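Letters A, B, ... are given to chains in the order of the sequence lines, protein chains preceding strands, and every chain is numbered from 1. Everything numeric in this text was worked out from a predicted model, so none of it was measured.
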There are 2 protein chains.
Amino acid sequence: MSLPYAILTALLEKPSSGLELTRRFDKSIGYFWSATHQQIYRELGRLEEAGQIRALPSPVPVRGQRKEYEVLPAGREFLREWVGAAEDPKPLRSALLLRMRAAAVVGSAGLRAELERHLALHRAQLDEYLVIEERDFPAERRGSEPDRLRHLVLRGGIDLERFWVEWLTAALEELGPEG
Amino acid sequence: MSLPYAILTALLEKPSSGLELTRRFDKSIGYFWSATHQQIYRELGRLEEAGQIRALPSPVPVRGQRKEYEVLPAGREFLREWVGAAEDPKPLRSALLLRMRAAAVVGSAGLRAELERHLALHRAQLDEYLVIEERDFPAERRGSEPDRLRHLVLRGGIDLERFWVEWLTAALEELGPEG
DNA sequence: GGCGATTCTGCAACTAGTTGCAGAAGGATC
DNA sequence: GATCCTTCTGCAACTAGTTGCAGAATCGCC
């Protein structure tokens with residue numbers, strides 16, 4: 001649903017082949033909209049079909065050969081329209097909150113270890129974000145408008161991870177040593 | 001993926017028919033794992049098939065007639081195991097953060113109104129949660145273990161909404177009056 | 001220059017979630 | 001007692017996302 005827009009954004013930031021995109025979806029843009037290489041290849045096909053991107057001319061267009069894509073004006077316009085479009089937030093789906101609720105009914109046996117594991121994962125992700133922030137958005141320099149927007153996005157990621165770290169910490173405290 | 005567990009939890013809290021479950025998924029348990037009536041009916045069928053729930057005996061088992069389901073011991077055990085199982089957090093997918101990133105590339109025209117709309121929605125959800133908290137978890141009373149876990153879940157919802165309210169407020173400030 | 005590992009692209013088949021619609025039951029109204 | 005509206009259940013068809021695998025190109029190594 002948002003995948004085509006994610007791909008257009010990524011390609012505008014830098015024209016890429018399918019695999020390059022896949023790698024960039026493992027970090028950077030993928031922090032906020034993840035995708036597998038399969039989804040990406042399929043969507044590249046659709047976007048090309050729709051005339052929103054094109055493969056840079058290459059000698060032999062055969063299977064197994066890398067194709068670099070760039071965004072066409074129609075694709076840029078398509079993305080521009082989406083930025084201002086109305087689209088309701090998707091309802092929350094959190095397996096972890098759900099599990100806690102299940103634990104209230106059938107008991108919290110074994111939950112503690114799992115919460116600790118998630119806590120470690122979220123702490124790691126938070127650290128990763130903080131490194132990126134320090135590298136790309138140093139405190140002193142007040143960047144351009146695009147820079148400030150990108151920083152805002154990263155800030156969102158950071159505060160979301162902080163939320164999870166805090167919630168998990170509180171949950172572990174509440175569970176006590178046995179849970 | 002988590003839907004069967006959500007349904008088992010809901011049915012353990014109270015045996016219900018498909019439609020009752022659907023209504024409860026529009027609030028309460030559905031705040032953390034939403035589902036449409038279609039998903040619910042299909043999953044009820046599967047769970048019954050698998051011997052984890054059963055329809056309470058009714059005179060005429062025909063189409064169009066309400067069926068009330070209850071959880072069988074196998075279903076309770078199935079849920080209990082899931083509570084302690086290892087399951088990685090799903091990567092984040094936020095269309096809103098993605099859009100902000102797209103705005104950094106193609107401009108933020110029209111985005112402001114959308115952010116304001118989302119802000120209002122998140123504020124409303126937050127208020128809803130706060131009313132529930134006051135009703136079900138008054139400050140003075142320190143509840144039982146299950147109560148405390150349920151409160152923790154609600155707290156998660158509350159703090160997530162607070163996060164969005166704060167992020168959206170910061171984003172609107174950053175965008176300035178034109179965006 | 002032949003061989004094996006890796007890179008890059010993609011097909012096929014699957015599960016999860018969504019949307020549109022429709023039929024049966026039962027109550028409300030005249 | 002016929003008609004209409006609502007409730008409840010469910011089928012069918014769709015879109016989105018995931019998983020497993022496989023073929024072609026390329027690169028490193030001997």
Side-chain angles (χ1 to χ4, degrees), chain A residues 1-8 10-11 15-26 29-30 32-50 53-56 58-69 82 87-95 98, chain B residues 1-8 10-11 15-26 29-30 32-50 53-56 58-69 82 87-95 98:
Chain A
M1 232 220 351
S2 300
L3 182 58
Y5 306 109
I7 290 181
L8 287 173
L11 284 181
S16 306
S17 68
L19 194 67
E20 274 179 272
L21 275 179
T22 302
R23 296 211 199 299
R24 290 167 62 198
F25 269 78
D26 285 343
I29 193 127
F32 310 110
W33 199 273
S34 71
T36 64
H37 81 282
Q38 257 323 306
Q39 289 178 273
I40 290 170
Y41 280 116
R42 244 190 318 195
E43 199 61 43
L44 283 172
R46 285 179 197 154
L47 287 168
E48 188 177 20
E49 181 86 15
I53 63 174
R54 64 161 187 178
L56 293 184
S58 126
V60 249
V62 265
R63 185 189 163 108
Q65 197 140 18
R66 70 184 287 104
K67 263 195 286 187
E68 186 116 325
Y69 290 95
W82 178 67
E87 194 175 90
D88 283 341
K90 309 226 73 170
L92 174 62
R93 276 203 180 115
S94 164
L98 184 60
Chain B
M1 233 215 353
S2 300
L3 182 58
Y5 307 108
I7 290 180
L8 286 173
L11 283 182
S16 305
S17 67
L19 194 67
E20 273 178 273
L21 275 179
T22 302
R23 298 212 199 297
R24 289 168 61 198
F25 269 78
D26 285 343
I29 193 123
F32 310 109
W33 199 273
S34 70
T36 63
H37 81 281
Q38 256 324 305
Q39 288 178 271
I40 291 170
Y41 279 116
R42 245 190 318 195
E43 199 60 42
L44 283 172
R46 286 179 196 154
L47 288 168
E48 187 175 22
E49 181 85 13
I53 63 174
R54 65 160 186 177
L56 292 185
S58 126
V60 249
V62 266
R63 187 192 162 107
Q65 198 138 18
R66 70 185 285 107
K67 264 194 284 187
E68 185 116 326
Y69 289 96
W82 178 67
E87 194 175 271
D88 283 341
K90 309 228 71 169
L92 174 62
R93 277 201 179 117
S94 164
L98 184 61

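A straight line from CG of A:L92 to P of C:dG17 spans 13 Å, rounded to a whole angstrom. In this structure, A:F25 atom CZ and D:dA16 atom C1' are separated by 14 Å, rounded to whole Å. If you measure from atom CD of B:E20 to atom C1' of D:dT6, you get 16 Å, rounded to the nearest angstrom. If you take CD of B:E43 and C1' of D:dC11, they are 17 Å apart, rounded to a whole angstrom. Rounded to whole Å, the distance from OH on B:Y69 to C1' on D:dT9 is 9 Å. Summarising the geometry, the separation between CD1 on B:I40 and P on C:dG17 is reported as 11 Å, rounded to the nearest angstrom. Taking atom OH of residue A:Y41 and atom P of nucleotide D:dA24, one finds them 16 Å apart after rounding to whole Å. Summarising the geometry, the separation between CG on A:L19 and P on D:dG23 is reported as 19 Å, rounded to the nearest angstrom.
Side-chain contact between A:R46 and A:E43: present, with at least one pair of heavy atoms (C-beta onward) separated by less than 4.5 Å. Taking the side chain as every heavy atom from C-beta outward, B:S34 and A:L92 never approach each other to under 4.5 Å. Taking the side chain as every heavy atom from C-beta outward, A:I40 and A:L19 never approach each other to under 4.5 Å. At a threshold of 4.5 Å between non-hydrogen side-chain atoms, the residues A:I29 and A:L21 do not count as touching.
Atom CH2 in B:W33 sits 8.0 Å away from atom OG in A:S94 (nearest 0.5 Å).
Taking all atoms of both residues into account, the shortest heavy-atom contact from B:L44 to B:G18 is CD1-CA, 3.8 Å. Smallest separation of non-hydrogen atoms from B:W82 and A:A95: CH2-O, 3.8 Å. In plain terms, the two heavy atoms of A:A10 and A:F25 that are nearest each other are CB-CE1, 4.3 Å. Considering all non-hydrogen atoms of both residues, B:L11 and B:S16 come closest at CD2-N, 3.6 Å.
Of the listed nucleotides (C:dA16, C:dT9, D:dC8), C:dA16 has the atom at the smallest distance from the side chain of B:R46.
Two end axes, each from the C1' atoms of five base pairs, can be drawn for the helix from C:dG1-D:dC30 to C:dC30-D:dG1; they diverge by 0°, to 10 degrees.
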Table of protein N/O atoms under 3.5 Å from nucleotides 18-20 of chain D N/O atoms:
{"unit_1": "D:dT18", "atom_1": "OP2", "unit_2": "A:Q39", "atom_2": "OE1", "d": "2.9"}
{"unit_1": "D:dT18", "atom_1": "OP2", "unit_2": "B:R93", "atom_2": "NH2", "d": "3.1"}
{"unit_1": "D:dT18", "atom_1": "O4", "unit_2": "A:R42", "atom_2": "NH2", "d": "2.7"}

